Amino acid sequence: MSESAARSAGPGELRPELPFEQAVFVASPFGTFLTSAAIFLALYGAFLVCALVYGVELVRRAPGGVIFENGTWPAFVMSLLCATVLGMQRFALKADSRDREAFAQVLKGGGSAARSVDFARRSSKLVHATWLGVGLGALLSVFILYNQGMKDAFAAPLVFVWFWLVLTALAVMFTRGVEMTRRGGRNHAKLLADELNIDLLRADRLTVLGRSATRPALIWLVTSAVICLFFVTGNVDWFTLALLGSSAAMGFWIFASSMMRVHHHIRAAKAKELESLRCQIETARAELHDDPQACARIQALLAYEARIENAREWAFDQPTALRVAVYLFIPATAWFGQAAAQFFVEHLVHV
């Protein structure tokens, strides 16, 4: 679905349920990637302008190259992190929207298919998560800036304001993301309990649930990969480690918990169907001496029973499983990547 299509969507489509942080993508005439790149350039460009206004030293020459000063590298990573999170959210939303018809095949109501792929509705709980993020960002800003060795930035109010605003924005996105993930999991469980339609002869249709579960997981795992770039400077603090660990854990938990819910529903449906079949087999067996057709019915029921027993119990196929395995290696790959970047920086430039 194009951005223009999203902007022109009617009732029940994308626009009514979009969180406010996605409004820029709706307004943008460009695609997801270019809009994300523009967000990054705007944020990092604003930092450079604020620093130049006060003459804050950003780089200085050294015998081995140049040294980035006063938070130039953390500002780069923070800008990239904001753009990445927003871009990945948009990617997941559009990908789920393309699967609406597939959702309709495994849910009992067409309206449910739309609700299953929409972002959580705005409510007082999401507002509370937003204010929690604002407070968290405000409390941590001074400590993080001081701990990262950016004391000189306090002499430039605009630079400090930039860091405070971006740190607060990241905290808000984190708390809102946690709340939407929590509420999405609760709504997902209710939707499965009320409207999941399991056809054991066509269990492959349920793989749309697996594909959908990989997308929010990917957001958190890619976020954790970008966070690894903070370690290029060699400054590892508890806050960055906690953010990295929680993002990676959230990504794994989202996929695993979603698939376990569907797995339990499939097993329950299989158990119910098998019990019904075995009752029919017992009835047909009792009629073997009196009904000539009983033997044929038993053979057909046994074949059907074997088919049901072999029906898949997990709502994902092999490509989805492989994709998740690759996603789980994203943080580890980023860790090695930042180590390589650190080696490059230490030998050519100094951060």
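Computed from a predicted model, the values in this text were never measured in an experiment.
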Apply side chain to side chain contact (heavy atoms under 4.5 Å, CB included) to the pair F174 and W220, showing each step before the final yes or no.
CA-CA 10 Å; F174 181 82; W220 288 100; 3.6 Å; yes
Suppose we screen for ring pair (Phe, Tyr, Trp, His ring centres under 6.0 Å). Which residues come up paired with F76, at least two apart in sequence or across chains?
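For F76, the residues satisfying ring pair (Phe, Tyr, Trp, His ring centres under 6.0 Å) (neighbours in sequence not counted) are F40, Y44, W73.
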Can you name the ring pair (Phe, Tyr, Trp, His ring centres under 6.0 Å) partners of H264, sequence neighbours left out?
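Listed in chain order: nothing, the list is empty.
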State the [atom1]-[atom2] distance between [X] and [Y], to the nearest 0.5 angstrom.
{"X": "L196", "Y": "R261", "atom1": "CG", "atom2": "CZ", "answer": "12.5 Å"}
{"X": "L218", "Y": "F255", "atom1": "CG", "atom2": "CZ", "answer": "12.0 Å"}
{"X": "T35", "Y": "L86", "atom1": "OG1", "atom2": "CG", "answer": "10.5 Å"}
{"X": "L288", "Y": "Q293", "atom1": "CG", "atom2": "CD", "answer": "12.0 Å"}
{"X": "H265", "Y": "L209", "atom1": "NE2", "atom2": "CG", "answer": "10.0 Å"}

R176 and T130: side chain donor to acceptor below 3.5 Å:
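On atom types as modelled, these side chains qualify, holding a pair under 3.5 Å.
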Looking only at side chains, do E273 and Y304 share a donor and an acceptor under 3.5 Å apart?
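A pair is found: one side chain offers a donor N or O, the other an acceptor, under 3.5 Å apart.
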Holding to side chain to side chain donor-acceptor pair (under 3.5 Å), I want the full list of residues that pass it with E287, two or more places apart in sequence or in another chain.
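Testing E287 for side chain to side chain donor-acceptor pair (under 3.5 Å), a comparison that skips the adjacent residues, returns R297.
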Is the centre of the F25 ring less than 6.0 Å from the centre of the F30 ring?
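No, ring centres 6.0 Å or more apart.
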Pair D99, R215 - check salt bridge (Lys or Arg N to Asp or Glu O under 4.0 Å), show working.
CA-CA 12 Å; D99 276 341; R215 291 159 190 155; 3.0 Å; yes
Would E309 and K270 satisfy salt bridge (Lys or Arg N to Asp or Glu O under 4.0 Å), going step by step from the backbone distance to the final call?
CA-CA 7 Å; E309 283 185 333; K270 285 183 68 172; over 6 Å; no
Answer yes if L132 and V85 sit in the same cluster of Ile, Leu, Val, Met, Phe, Trp and Tyr residues linked by side chain heavy atoms under 4.5 Å apart, and no otherwise.
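No, separate clusters.
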